[in-house]
Structures are given as C-alpha cells and as structure tokens.
Amino acid sequence: MRKPLFLLCLVLVPLLLPMQARASGYAVYEWSARGTALGGAMVARDADPSAVAYNPANITDLPGAQVQVGATAIKPNATMNFKSPAVEDRDFSDAIWGLPTAYYTQQLNDHYWFGFGIFSRVGLGTEYAGGDNWAGRYNCSYAGIQSLSFNPNLAMKFSDQFSLAVGVEATYLRFMYDSTIPGVDVKQEIDADGWAYGLNAGARYKPYDWLAFGLAWRNQIDMAVDGHVKYSQKGLFTAPGRGDASGTEPIPESITFGVMVKPVDRLSLEADVVWTHWSAYQALAINYDPAPYPGMSQVSRDKDWKNTWRFQFGAEYALTDSVDLRAGYVYDQSPINDTYEDFAVPCSDRQIVTVGAGWKIDQNWVLDVFYGYLWMTDRHYDARPAEGIPEVDREDAHAHMAGLSVTYKF
C-alpha cells in the first residue's frame, strides 16, 4: 500500500496548490471525469476510486488496489452591463481555472476497504478584466478560494446488499480578495489561509443488481484563516504599510441521496438530490491589524445566504465491453440573498449539461473524459453605493468545462 500512496503524492504535489474553480455559491462538485459526465449522480451507482468523494461506502465494489488521478478545466465568462452610459461594460477576465483530484482505494479483506481522496469541496475564481479600474472595484476586483480536502475513509461491507463508510477530513483553504478602499483610492490585496477538520459518512443499500440507494453526508467545517494584506496607492492618498488580516469562512454541511436503476443490463440511470446548509453563511467579516484607516479594524458584509437543493441526473450506457457512454444534467439553486449579492460571488440558479466516455484500455488502465456546458440566469444588481455596487446587469453568464481521469488497477 505504501508504494501506490507514494506515487500518488509524487504526481499530485506539483499540480494541486495553484488551482482554483468557480461554483454555485462556492461549492465544488467536479470530483472526477466520470462523475462529472454523469452530472455528479454517483452516490448509489457502481463505483470507481472517485467514490471516496461522492460516497465512500461504494468503494466496497473495488477489488484489490486502485489509484485515480484527474483534472477539470473551467472557462467562465459573463458580461457586466452597466446602466449608466458613462460606465464601460466589462467581461470577466480571460482565465481558465483548474481542479485536480486524486484517489486511492485498497481492499483490506472481504469486509473492510480503505479509501483516500484529495479533492476540493469549495473553490472560487472571480476576476474582472481591467480590475484596477473597472466600476465595481470598490466592491471586488478579484476573489479566489483555493481548497484541498485530504479525506481518509474506512468502508465496511456488512452483506452483499449493504455497505457503510466513515471518514475524517482535513481541509486547507486559501482566501484571496482584492478591492479598492473607497474615499482614499488605495487597493488592498488580502491573502490568508488556514486548516480545519471535519467528518463524513456514507451508506449504500443494493437489494438487487438493478436497484441501489445511496446516502452521503459531510459536516460543516468552519474555516479560520490568517494572513496578510498589501496596500497599493492608486490615487492621491498614500497607502499604509503591510498589515495582518484574518476572518472566517464556512464550508457548509451537505447531504446527498440518490437512486440508481438499471432498466436493461447495459444501461444505468441515477437521480440524486443534494441539500446544502448555506444558511450557515451569514456574514463575511475581515479583521485588520493594524487598522489601515480609522474605523477599519473590522469590515463586515452581510450575506444571509439560504439553504439550497441541487438536482442531478446521470445515464451510463455500456456500448461495448470496453467503451461506456455517459450524459448528465444538473439544476443547481443559488444560495445568494439578492439584497446582499456582490461582485465576489456572481451567482444565480444554474444548469449544466454534460457528456462523456470511458475507455477500458486493458485490464489495468481506464481513461475517462467529459465535456460540460454551464449557464446561469441573468442577474440585476440594484445600486448600493455604500457597498461599491453600481446598478448593473450580469448577462450571458456561462462556462465551458472539460476534464479527464486516469485509473490504474494494481
């Protein structure tokens, strides 16, 4: 077991830390090429190593030792259409964000399996073209969340029908936020990070080969981040010296339930629902030490997010013994309260369609690929000058996604 784990870490170290992604709210569900091609509907179906993220109880399907590595590239875009003719419209910056993943599973005996995953539960990459001089810079010109969850699990097979898994999660999160302080025209760049820990569990009941039920739970993790803030003079006022910054950011609790059916031998269909406890995110408070200006020892912005439902569907068809075809659909509710929406997390209800394929190259190697298209409903922002929000419409928000995963069976 040591050798596969060492190889996994060797491959991942140079890939993982510089990556980011966009998400509904700031949750991430793109945990493997196969899973994303199926719209994330993986909580009940037959497993591959990425089941560590979707539902670790399912890794009891996997004999011996297996390892999987993969990555997803996301290219978002949208237009910010300002209502004042004196203000220039802006697009998102021309950036591609990445999400790497890696998993290892090991059958210990007939009743116990070990699984280890490295993936992201949350992520964010919002960047506006010409961020230092666009009209929304007093609210946000760049916002980034980079996170990695390190997630060991123990899965137990009680019978051919029922499996259960429990795990612990160690999460690293880096929070970055750039904006311009109004009144003094000084740019601030916050960069803070931290670690926190949580728990997860999963279960699957498969009474027949053609029918299975899955349930997965991940608890809320309250991230406390500490770092620094850098100031840059953009106007007449002199920028203060470098300071410290700190804050908190929740990774919300989630519960996923799904049903998988096989109407014919080569076709599997699954429908899942995901409930996310976004109401835990009530405000974003940033503490400064020292305060850059009088009255700025803490800056707090209300969020008042709401709990959401995500509905995901996936179909997988075995075209041949070595080639699988896949398709998925997702409807994902936005957690954002319209009253407090800002430019850092430009989110509204979104839909995703995906297609993909899997190729069993030989008895050891499997290659999975996918493509997805995401679109969000347009959003109108009422002017809130005190928060740096001019009146604007966000239009044509969409993203292209593509990724691959490679699995090796020892």
The side-chain contact (heavy atoms from CB on, under 4.5 Å) partner of V43 among V273, V274, T256 is T256
Six-ring centre of Y231, R242 cation under 6.0 angstrom, axis tolerance 45°: no
Taking side-chain hydrogen bond (donor to acceptor under 3.5 Å, both in side chains) as the criterion, tell me which of R45, R326, K262 meets it with S268. R45
With a 4.0 Å cut-off on N to O distance, would you call D46 and K206 a salt bridge? yes
Decide, yes or no, whether a salt bridge links R137 with D178 under the criterion of side-chain N to carboxylate O below 4.0 Å. no
Hey, what's the ring geometry for Y208 with W210, parallel, tilted or perpendicular (30° and 60° as the breaks)? parallel
Determine whether a donor-acceptor pair (N or O, by modelled atom type, separation under 3.5 Å) exists between the side chain of S254 and the backbone of T276. no
Give a yes or no on whether the ring-centroid distance for F257 and W217 is below 6.0 angstrom. no
Salt bridge (Lys or Arg N to Asp or Glu O under 4.0 Å) between R301 and E387, intermediate numbers included: CA-CA 8 Å; R301 290 179 177 171; E387 299 174 43; 5.9 Å; no
Which class fits the ring pair Y29 and W31: parallel under 30°, tilted 30 to 60°, perpendicular over 60°? tilted
Side-chain touch L199/E169, heavy atoms, less than 4.5 angstrom: no
Going from CZ on R379 to OG on S334, what distance comes out if it is rounded to the nearest 0.5 angstrom? 5.5 Å
Below 6.0 angstrom between ring centroids: does that apply to Y128 and F92? yes
Whether W305 and Y281 hold their rings parallel, tilted or perpendicular, with breakpoints at 30° and 60°: perpendicular
Pairwise side-chain contact, R90 with N133, heavy-atom cut-off 4.5 Å (strictly under): yes
Taking T79 for its side chain and N81 for its backbone only, find out whether a donor-acceptor pair lies under 3.5 Å. no
Are F343 and Y381 close enough that their ring centers fall under 6.0 Å? yes
Between R266 and E316, does a salt bridge (Lys or Arg N to Asp or Glu O under 4.0 Å) hold up when you go through it step by step? CA-CA 8 Å; R266 288 184 174 270; E316 184 172 52; over 6 Å; no
All heavy atoms of S405 vs all of A33, minimum pair found to be OG-N, 3.0 Å
List the steps and the verdict of salt bridge (Lys or Arg N to Asp or Glu O under 4.0 Å) for K234 and D185. CA-CA 5 Å; K234 297 297 178 182; D185 270 352; over 6 Å; no
dist E30:CD -> T354:OG1 (nearest 0.5 Å) comes out at 10.0 Å
Indicate the atoms forming the closest heavy-atom contact of G40 with Q312, along with that distance. O-NE2, 2.9 Å
Steps toward side chain to side chain donor-acceptor pair (under 3.5 Å) verdict (D244, H228): CA-CA 4 Å; D244 294 331; H228 61 267; over 6 Å; no
Could you go through the ring-ring contact (aromatic ring centres under 6.0 Å, His included) check for Y408 and F410 one step at a time? CA-CA 6 Å; Y408 183 76; F410 291 90; 4.8 Å; yes
Dump the intermediate steps for salt bridge (Lys or Arg N to Asp or Glu O under 4.0 Å) on D382 and K83, then the final yes or no. CA-CA 10 Å; D382 290 324; K83 295 307 175 183; over 6 Å; no
Can N151 and R121 be counted as having a side-chain donor-acceptor contact under 3.5 angstrom? no
What I'd like to find out is whether the side chain of Y112 reaches to under 4.5 Å of the side chain of L154, using heavy atoms alone. yes
Which heavy atom of P346 sits nearest to which heavy atom of R394, and what is that distance? C-NH1, 3.5 Å
Minimum heavy-atom separation for G117 to V52, with atom names? N-CG1, 3.6 Å
Can you tell me if K306 has over 12 outside heavy atoms packed within less than 6.0 Å of its NZ? no
Look at K360 together with D321 and state whether they make a salt bridge at an N to O cut-off of under 4.0 Å. no
Tell me, do D368 and L404 make a side-chain contact under 4.5 Å, heavy atoms counted? no
